Amino acid sequence: MDVVSVNIINSSMVSVCREMGITLMKTSYSTIFNEALDFTCGLANAKGELIAVADYCPAMIGGMPTLIENCIKEIPSSEMNPGDVILHNDPYRGGLHLPEHTVFKPIFIDGEVVAYAVAIGHLAEVGGMTPGGFAGEATEIFQEGLRLPPVKIVKEGKDNEEVWKIMLANVRTPRYNFGDLRALISAADLGEERLKGLILKYGKDFFMKTVDDLMDYSERRMRAEIKEIPNGLFQFEDYVENDGIEDKVFTIKANVYVEDEEVIIDYEGTSPQARGPINATYGVSVSAAYNAMLNLTDASIPKNSGCFRPIKVVAPPGTVVNVDYPAPEVGGNTETHPRIAFAVLGAFSKAVPEKVIACEGGTHLNFVFGGYHDDYEEYYVCYDLEAVGWGARPYADGNDMVDSINGNCRTTPVEVFETRFPWLVESFHLNQDSGGAGKYRGGLGAEKILKCNADLITISQMTDRHHIAPYGLFEGKEGGFGATLVQKNGEENWKDVVESYGKVSSSKFSNIPIRRGDRVKIVTPGGGGYGSPKERDKDMIREDVLDGFISKEVAETIY
């Protein structure tokens, strides 16, 4: 192995991926892209193996190899031409969930496909029964939006007009969807241009050999990390509180087998698939396992298919972690993924407690809404995600108000939010006492109050942790609950949607009308604590009280 060339080419490819992401951010129309950064850009070899990726959305990083390998089974390289761009969003063809659209472009050298430029992004509007793509009460995937198998959206550099017409005719915001898809395509175009230049600079054969060496290097690094973990079977369970259709708990069970340099993560014992949309596809369950392992191991290991080779995943079909068609699944990638990842991390806490954090808030809140904007004279849709408290660490408090483990996304600034959508943000602050107590405290969640400034806004939500709190570790206390409450205009009391609108779930619902003057309060869960609260340093307690992170009552009664 030429170690110098491996590092130079890896760094160059990662830089290409980051530049693709910047292009996508700067040219997109929707806040979910240009503010929240809910996308990932990567590069794959001719086999569909991931060879480089930028540090954007972890769920997509782990899911990218499955996505590309499935796409090129349906459209093999022999059917591709220079200038083609393939689009795909079908969860039952290797996808993660329906709103995420994968765009990939073959890169030709001497008439041969040698690589692919890939961009995955979450489109805010995908059709279906609710504006914003998160139908909390869906009972089949057809209610969640328009599914596209791998299809050429661009053929030899020219738009495939028929595909564009079908797509834009099935969404509420065709102008925004057109712009966001163009942004995804532009990212793939840039990736093709940059990587092609890199290959021509070093020569095709040398480049391909070096990339193979890079993946072997990542594999060896991951095996060395696993070898430091004690052999054995380690188990843990976490729970999804309901599926929006039935008020019952669903179990996520992780059975982690460690043997020398390999790990098998088996979800046997997980609940059968749900009627509602909390189901995860196989790609999500694989991605969640990879996500957990990347959080346990050295962050400097290059992220590619090589580092995933020592990790095997078993997900029984027909369960919440490997859903069968045509059940709904949109919440599997946002709510069930973090539950899977932290079930795996919980299992590892029994083997390597010094490397594992307590549970974080484990939800993206997924507050979606739509309506007609009088000022702009067009329909709008928004997918708004919020941040949670992260779990405490063996050596430090958890981070406050950070996106969940599978997202790595940003919240939309208040100024942008109020400009783009007819809401007034009356307050937005950290939620005191929401971090689980412990030797190290869990991170704080947040509270946000919105006032409706339109005649009608239709809201839906897909979230969790209203009734089952994030777990603490080693006598650390649970993190605070989340909540979604509505205060109708002229009323004083805040009520959840079960009480106000007769919904089954307070955390998963569809199509609630919010009128002018109504308020919505969104509370995000906090992270769990690590270690006994009795062991917390008194100076740290005093500082938390002075900063307003914990109340005097909590300081006196718990600490």
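Quick caveat, the model's predicted, so the values are computed rather than measured.
For CD of E475, the number of neighbouring non-hydrogen atoms (other residues, nucleotides, ligands) closer than 6.0 Å is 12 at most. For CD of E259, the number of neighbouring non-hydrogen atoms (other residues, nucleotides, ligands) closer than 6.0 Å is 12 at most. Annotation for K534: atom NZ does not count as buried by contact number, only 12 or fewer foreign heavy atoms lying within 6.0 Å.
For residues 317-340, the salt bridge (Lys or Arg N to Asp or Glu O under 4.0 Å) pairs, not counting sequence neighbours, are R339-D464. Residue pairs meeting the salt bridge (Lys or Arg N to Asp or Glu O under 4.0 Å) criterion with at least one partner in residues 9-19, sequence neighbours excluded, are E19-R194. Sorted by first then second residue, the salt bridge (Lys or Arg N to Asp or Glu O under 4.0 Å) pairs that include residues 295-304, not counting sequence neighbours, are D55-K303, R221-D298. Residue pairs meeting the side-chain hydrogen bond (donor to acceptor under 3.5 Å, both in side chains) criterion with at least one partner in residues 284-294, sequence neighbours excluded, are N291-N295, N291-H337.
T363 and T463 share a side-chain donor-acceptor pair at under 3.5 Å. Donor-acceptor pairing under 3.5 Å is lacking for the side chains of S507 and Q461. There is a side-chain donor-acceptor pair under 3.5 Å between S505 and N242. Side chain to side chain, S506 and H466 meet the donor-acceptor criterion of an N or O pair below 3.5 Å.
In this structure T281 satisfies the side chain to side chain donor-acceptor pair (under 3.5 Å) test with no other residue, sequence neighbours excluded. Annotation: side-chain contact (heavy atoms from CB on, under 4.5 Å) contacts of N431 (sequence neighbours excluded): S434, V523. Residues forming a side-chain contact (heavy atoms from CB on, under 4.5 Å) with A437 (at least two apart in sequence, or on another chain): K477, P533, I558, Y559. Under the side chain to side chain donor-acceptor pair (under 3.5 Å) criterion, T270 pairs with no residue, sequence neighbours left out. Under the rule for a side chain to side chain donor-acceptor pair (under 3.5 Å), N34 has no partner lying at least two apart in sequence or in another chain.
Under the 4.5 Å side-chain criterion, counting only non-hydrogen atoms from C-beta, I32 is not in contact with E35. The shortest distance between side-chain heavy atoms of V118 and V103 does not fall below 4.5 Å. Put simply, the side chain of Y471 reaches to within 4.5 Å of the side chain of L473, judged on heavy atoms. At a threshold of 4.5 Å between non-hydrogen side-chain atoms, the residues P272 and T319 do not count as touching. L365 has its side chain within reach of V388: a pair of non-hydrogen atoms, C-beta onward, lies under 4.5 Å apart. Residues Y267 and N322 have side chains not in contact (no heavy-atom distance under 4.5 Å, counting atoms from C-beta outward). Counting heavy atoms from C-beta on, the side chains of I405 and W390 come closer than 4.5 Å. Residues L24 and M20 form no side-chain contact, since every pair of their non-hydrogen atoms from C-beta on lies 4.5 Å or further apart.
Note that K503 lies outside the cation-pi zone of F509, set by a 6.0 Å cut-off to the ring centre and a 45° limit from the axis.
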Residues 230-239, side-chain donor-acceptor partners within the protein, below 3.5 Å, at least two apart:
unit_1, atom_1, unit_2, atom_2, d
N231, OD1, D260, N, 2.7
N231, ND2, D260, OD1, 3.2
Q235, NE2, N255, OD1, 2.7
E237, OE1, Y239, OH, 2.9
D238, OD2, R465, NH2, 3.1

Using residues 39-51 as the side-chain source, report each donor-acceptor pair under 3.5 Å to any protein atom, sequence neighbours left out, with the distance given to one decimal.
unit_1, atom_1, unit_2, atom_2, d
T40, OG1, C57, N, 2.9
T40, OG1, C57, O, 3.1
N45, OD1, K47, N, 3.0
N45, OD1, G48, N, 3.2
N45, OD1, E49, N, 2.9
N45, ND2, E49, OE1, 2.8

Side-chain donor-acceptor pairs of residues 9-16 under 3.5 Å, sequence neighbours excluded:
unit_1, atom_1, unit_2, atom_2, d
S11, OG, N7, O, 2.9
S12, OG, I8, O, 2.8
S15, OG, S11, O, 3.0

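Ion pairing between a basic and an acidic side chain is recognised when a charged N comes within 4.0 Å of a carboxylate O; R536 and D397 show such pairing. Classification of E262 and K312 as a salt-bridged pair fails, no side-chain N sitting under 4.0 Å from a carboxylate O.
Y530 has its ring centre less than 6.0 Å from the ring centre of F474. In this structure, the ring of H122 has its center no less than 6.0 angstrom from the ring center of H101.
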Just do the salt bridge (charged side-chain N to carboxylate O under 4.0 Å, His left out) check on K73 and E69 with the steps written out, would you? CA-CA 6 Å; K73 285 179 182 176; E69 289 169 9; over 6 Å; no

Can you list the steps and then say if M60 with E100 is a side chain to side chain contact (heavy atoms under 4.5 Å, CB included)? CA-CA 9 Å; M60 299 175 193; E100 282 177 2; 3.3 Å; yes

Take V504 and I245 through the test side chain to side chain contact (heavy atoms under 4.5 Å, CB included) and record every step on the way to the result. CA-CA 6 Å; V504 172; I245 302 299; over 6 Å; no

Where do E360 and S404 land on the side chain to side chain donor-acceptor pair (under 3.5 Å) test, with the steps shown first? CA-CA 7 Å; E360 46 105 301; S404 191; 2.9 Å; yes

Side chain to side chain donor-acceptor pair (under 3.5 Å), that's the test. Do H364 and T334 meet it? Break it down for me. CA-CA 6 Å; H364 296 276; T334 62; 6.0 Å; no

Walk me through whether D544 and R441 qualify under salt bridge (charged side-chain N to carboxylate O under 4.0 Å, His left out). CA-CA 10 Å; D544 276 351; R441 172 183 52 75; 2.9 Å; yes

Might you work through the salt bridge (charged side-chain N to carboxylate O under 4.0 Å, His left out) test for E386 and K448, ending with a clear yes or no? CA-CA 9 Å; E386 300 296 342; K448 186 177 186 178; 2.8 Å; yes

Full working for salt bridge (charged side-chain N to carboxylate O under 4.0 Å, His left out) between K508 and E137: CA-CA 7 Å; K508 303 167 187 71; E137 298 168 342; over 6 Å; no

Test side chain to side chain contact (heavy atoms under 4.5 Å, CB included) on T336 and N279 and set out the steps. CA-CA 7 Å; T336 309; N279 300 299; over 6 Å; no

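Judged by distance alone, the side chain of D90 and the main-chain N or O of Y92 form a donor-acceptor pair under 3.5 Å. Although no hydrogens or angles enter the test, the distance criterion places no donor-acceptor pair under 3.5 Å between the side chain of H88 and the main chain of F104. Between the S349 side chain and the G346 main chain, a donor and an acceptor come within less than 3.5 Å of each other.
Shown here for M462 and G136, the closest heavy-atom pair between the two residues is CE-CA, 4.0 Å. Here the closest heavy-atom approach between residue V323 and residue P328 is recorded as CG2-O, 4.4 Å.
Under the 30°/60° scheme for interplanar angles, the aromatic rings of Y383 and F134 are found to be tilted.
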